[in-house]
Amino acid sequence: MGTAVDAAAFGSVDGVVGEVMRLHRSLPARPSLEEVEAAEALAHAADREERARLDAVSRLRRSPAVPDELFGVALEMHRALAAFQCREQKRDATRLLELDALHALFDDLIQRASQCVPSSSSSTRAAPRVTAAPAAASTSAASSSSSVAADSNTDRYSSTGTNGFSAARKVTGTGRVSMDDSYVKKAKAAVWDDGVVPASLHTLRRVVEANSMAARVDGGYGDSDEKLSLIKLASMIEVAAKKGSCDLNLQGKLTNQIEWLPDSIGKLTRLVTLDISENRILALPDAIGRLSSLAKLDLHSNRIAQLPESIGDLCNLMYLDLRGNQLASLPSSLGRLVKLEELDVSANHLTSLPESIGSLARLKKLIIETNNLDELPYTIGHCVSLVELQAGYNHLKALPEAVGKLESLEVLSVRYNSIRGLPTTMASLTKLKEVDASFNELDSIPENFCFVTSLVKLNVGNNFADLRSLPRSIGNLEMLEELDISNNQIRVLPDSFGNLQRLRVLRAEENPLQVPPRDVALKGAQAAVQYMSEHVAKRATRTQQLLFIAVHGGDMEACKHCLCTPATARRPVHDSSVPMEKRTWEPGCQLLHMIHDSSVSMPMPWRRGDWEFGYHGRASKACMARCSSMM
């Protein structure tokens with residue numbers, strides 16, 4: 001929409017001066033220096049991105065199966081799209097640079113106009129001074145305006161350069177202009193509110209300079225919920241860099257069109273925390289590595305497919321969140337993050353972890369769930385500070401033996417994998433408190449796993465047809481409070497199960513349990529513990545009844561002859577001079593059957609379950625079976 005022209009205003013000097021001022025104040029506010037610098041950087045970056053995309057397109061090679069014309073059409077569409085996306089990314093920057101160039105042009109024109117109007121006596125009184133803050137500030141606008149208005153023809157309104165503009169400003173120091181605020185307010189009132197035009201354009205020129213060159217460095221962009229365009233993001237970075245900001249939170253604040261961060265992000269060398277999560281960022285610039293003070297970097301829920309090697313230059317980084325991106329691999333430089341304590345790369349497309357992860361000696365928490373990992377590197381064992389390892393929802397078939405070196409490990413989750421067995425080295429994890437190995441293919445649990453007496457929660461449920469028993473010494477896990485063995489093929493709980501006096505939660509459904517019966521197990525953890533304790537006690541009472549049977553020549557009738565009762569039970573004194581029938585016994589012996597042949601003086605032991613048999617010679621198998629049935 002054009003500006004109306006008032007022909008009457010051109011009838012006098014004051015009228016023309018008024019018209020000049022009206023045109024000047026019709027401009028939108030002049031961009032701050034930070035915004036101009038950001039716009040220039042963005043324009044350069046957009047051009048660079050366009051060139052990279054065009055180079056990628058030019059490297060494509062046609063397959064013999066694809067018609068040449070069809071291939072050419074696809075390439076042309078790629079080029080057109082790249083150019084369009086570049087223009088879109090530069091749109092705000094272009095507008096801002098054009099506005100700054102127009103302000104510079106108007107400043108130059110006002111300078112020229114002031115030389116055409118002589119000073120009047122009404123303005124000979126001393127005007128308040130408007131001083132430029134470090135010297136280059138006032139000259140920068142003049143140099144900028146002269147570069148824009150250098151040409152006398154219509155081309156002076158256009159500009160050249162990589163960005164399409166040449167209104168660059170050279171500024172040294174921290175400010176652009178310092179001024180007497182009261183004077184500016186008074187001048188604005190005299191010129192704009194009352195419509196009075198100063199007689200001296202020299203004074204007016206000062207007012208215009210002060211008004212147009214005052215820097216807006218508040219960096220504010222309205223409500224915190226407002227989505228930031230690329231130019232506003234770049235401006236915010238410039239302002240934050242000059243202020244030495246320590247915290248920048250951009251969580252969910254970028255428009256969907258922003259797919260990359262400007263290189264100016266590298267200027268934030270004092271930044272301690274940076275949150276760019278929940279946006280649509282595709283890539284990080286190499287300049288991210290210049291954030292030498294950064295301790296926390298949150299990039300979760302973006303679309304990042306690859307990390308730059310410079311990520312390893314963040315020497316003070318302690319927390320890195322990359323979950324919910326599209327990473328297929330991690331750079332080896334990750335191992336240089338020697339202060340890193342928490343790393344979350346869950347919900348990506350990782351197929352392996354770099355060997356250099358073993359260099360993260362301070363790492364305490366590693367979350368690698370929901371990826372495509374087939375194995376963990378052996379170097380994981382060098383992460384001696386690791387307290388929590390979450391590796392569920394992958395394709396792991398085994399855990400490396402090096403897991404046993406994670407002496408600080410307290411929480412281990414490998415659920416939803418294809419693991420068939422736990423490494424025996426886990427017995428050395430003396431601080432381990434929680435293990436979740438559910439939804440795997442476990443067929444057994446190592447007996448020495450029960451040396452991990454610090455364990456509080458154990459989940460081996462849903463291993464389906466593979467897991468048929470628990471370790472016999474599971475009762476050693478005296479601190480165990482929660483146990484999940486559901487959806488397996490376990491029939492009998494070990495005798496030592498009765499020692500789990502701290503057990504509060506037992507999930508044993510969908511097992512063919514016989515001991516304890518399923519109805520007992522369903523009553524709760526302590527009901528099962530009490531049942532097993534009583535069951536073992538009853539059996540111990542029976543086994544203390546010593547039955548001495550002398551079988552001569554395999555005569556089955558002799559099996560019914562018992563010489564001892566629990567009260568008179570004695571341990572045998574193995575003296576061949578004492579007849580077998582007259583040997584003495586000590587209390588506490590288990591049931592002992594002697595199948596004896598008179599031609600042999602001393603029996604040999606034979607174990608069957610918890611029972612001990614001694615036999616020699618021609619003792620019949622039928623007799624041994626009969627003795628077994630009596631037990």
Side-chain angles (χ1 to χ4, degrees), residues 34 37-38 41-42 45 219 224 228 230 232-254 258-327 329-348 353-354 356-357 359-368 383 385-386:
E34 290 78 13
E37 291 175 346
L42 279 182
S224 58
L228 300 179
L230 193 56
K232 288 185 177 180
L233 169 63
S235 300
M236 177 180 286
I237 291 173
E238 293 290 343
V239 172
K242 283 184 167 55
K243 290 183 176 181
S245 298
C246 296
D247 177 41
L248 182 57
N249 185 357
L250 300 172
Q251 182 181 23
K253 294 181 180 179
L254 307 183
I258 299 180
E259 298 180 343
W260 45 272
L261 297 177
D263 288 341
S264 57
I265 193 78
K267 296 181 179 180
L268 303 176
T269 54
R270 295 186 181 181
L271 208 60
V272 176
T273 61
L274 175 60
D275 188 345
I276 320 177
S277 61
E278 299 179 13
N279 291 293
R280 297 178 65 82
I281 300 298
L282 292 175
L284 297 178
D286 289 335
I288 196 77
R290 297 203 293 266
L291 306 184
S292 54
S293 301
L294 199 63
K296 180 178 180 180
L297 177 58
D298 192 342
L299 298 165
H300 80 264
S301 301
N302 278 283
R303 298 187 296 165
I304 301 172
Q306 187 175 8
L307 294 176
E309 285 289 333
S310 61
I311 197 80
D313 296 334
L314 302 176
C315 55
N316 287 302
L317 197 64
M318 301 174 66
Y319 175 94
L320 178 57
D321 190 348
L322 290 162
R323 59 193 159 97
N325 280 281
Q326 299 176 11
L327 294 170
S329 63
L330 297 175
S332 59
S333 62
L334 203 68
R336 301 205 304 267
L337 303 177
V338 294
K339 293 186 179 181
L340 196 64
E341 295 184 359
E342 292 189 27
L343 174 61
D344 189 344
V345 291
S346 58
N348 279 280
L353 296 178
S356 61
I357 199 168
S359 301
L360 305 179
R362 294 190 184 182
L363 192 64
K364 294 180 180 179
K365 186 175 183 179
L366 176 60
I367 305 178
I368 50 178
C383 300
S385 300
L386 198 62

Original post:
Within a strict 4.5 Å, meaning less than it, do heavy atoms of the Leu337 and Leu343 side chains meet?
Top reply: no
Original post:
For the atom pair CG (Leu291) and CG (Leu317), what is the distance rounded to the nearest 0.5 Å?
Top reply: 9.5 Å
**OP:** Kindly give the heavy-atom pair with the smallest separation between Ser385 and Ala361, and that separation in Å.
**Re:** OG-O, 2.7 Å
**OP:** List the atom of Ser356, the atom of Ser332, and the distance in Å for their closest heavy-atom pair.
**Re:** OG-O, 2.8 Å
Original post:
Side chains of Leu299 and Leu284: does their closest heavy-atom pair fall under 4.5 Å?
Top reply: yes
Original post:
Rounded to the nearest 0.5 Å, what separation is found between the CD atom of Glu278 and the NZ atom of Lys253?
Top reply: 11.5 Å
Subject >> side-chain hydrogen bond (donor to acceptor under 3.5 Å, both in side chains) involving Asn316 - partner list, sequence neighbours excluded >> reply: Lys339
**OP:** Provide the closest heavy-atom pair for Pro285 versus Ser310 in the form atom of the first, atom of the second, distance.
**Re:** O-OG, 4.3 Å
Original post:
With a 4.5 Å limit on heavy-atom distance, are the side chains of Leu228 and Met236 in contact?
Top reply: yes
**OP:** Identify the heavy atoms of Gln251 and Asn249 that sit nearest to each other, and give their distance.
**Re:** N-OD1, 3.0 Å
Original post:
Would you find a donor on one side and an acceptor on the other, under 3.5 Å apart, between the side chain of Asp313 and the backbone of Gly289?
Top reply: no
Original post:
Would you say Tyr319 and Asp344 make side-chain contact, with heavy atoms under 4.5 Å?
Top reply: no
Original post:
Looking at CG of Asn325 and NE2 of His300, how far apart are the two atoms once the value is rounded to the nearest 0.5 Å?
Top reply: 9.5 Å
Subject >> By side-chain hydrogen bond (donor to acceptor under 3.5 Å, both in side chains) - contacts of Asn302 (at least two apart) >> reply: none
Original post:
Are Arg303 and Glu259 close enough that some pair of their side-chain heavy atoms sits under 4.5 Å apart?
Top reply: yes
Original post:
How far apart are the closest heavy atoms of Asn348 and Gln326, and which atoms are they?
Top reply: OD1-N, 3.3 Å
Original post:
Below 4.5 Å, heavy atoms only, C-beta onward: do Val338 and Ser359 meet side chain to side chain?
Top reply: no
Original post:
Roughly how far, to the nearest 0.5 Å, is SG of Cys246 from CG of Leu294?
Top reply: 11.0 Å
Original post:
Heavy-atom distance under 4.5 Å between the side chains of Leu314 and Leu320, does that happen here?
Top reply: no
Under 3.5 Å donor-acceptor pairs involving side-chain atoms of residues 268-277, not counting sequence neighbours:
residue	atom	partner	partner atom	Å
Thr273	OG1	Asp247	OD1	2.4
Asp275	OD1	Ser277	N	2.9
Asp275	OD1	Ser277	OG	2.6

Subject >> Residue pair Pro331 / Pro308: nearest heavy atoms and the distance that separates them >> reply: CG-O, 4.2 Å
Subject >> Separation of Glu342 CD from Leu340 CG (nearest 0.5 Å) >> reply: 8.5 Å
Subject >> Side-chain touch Leu366/Leu360, heavy atoms, less than 4.5 angstrom >> reply: no
Original post:
Could you give the distance from CH2 (Trp260) to CG (Leu254), rounded to the nearest 0.5 Å?
Top reply: 12.0 Å
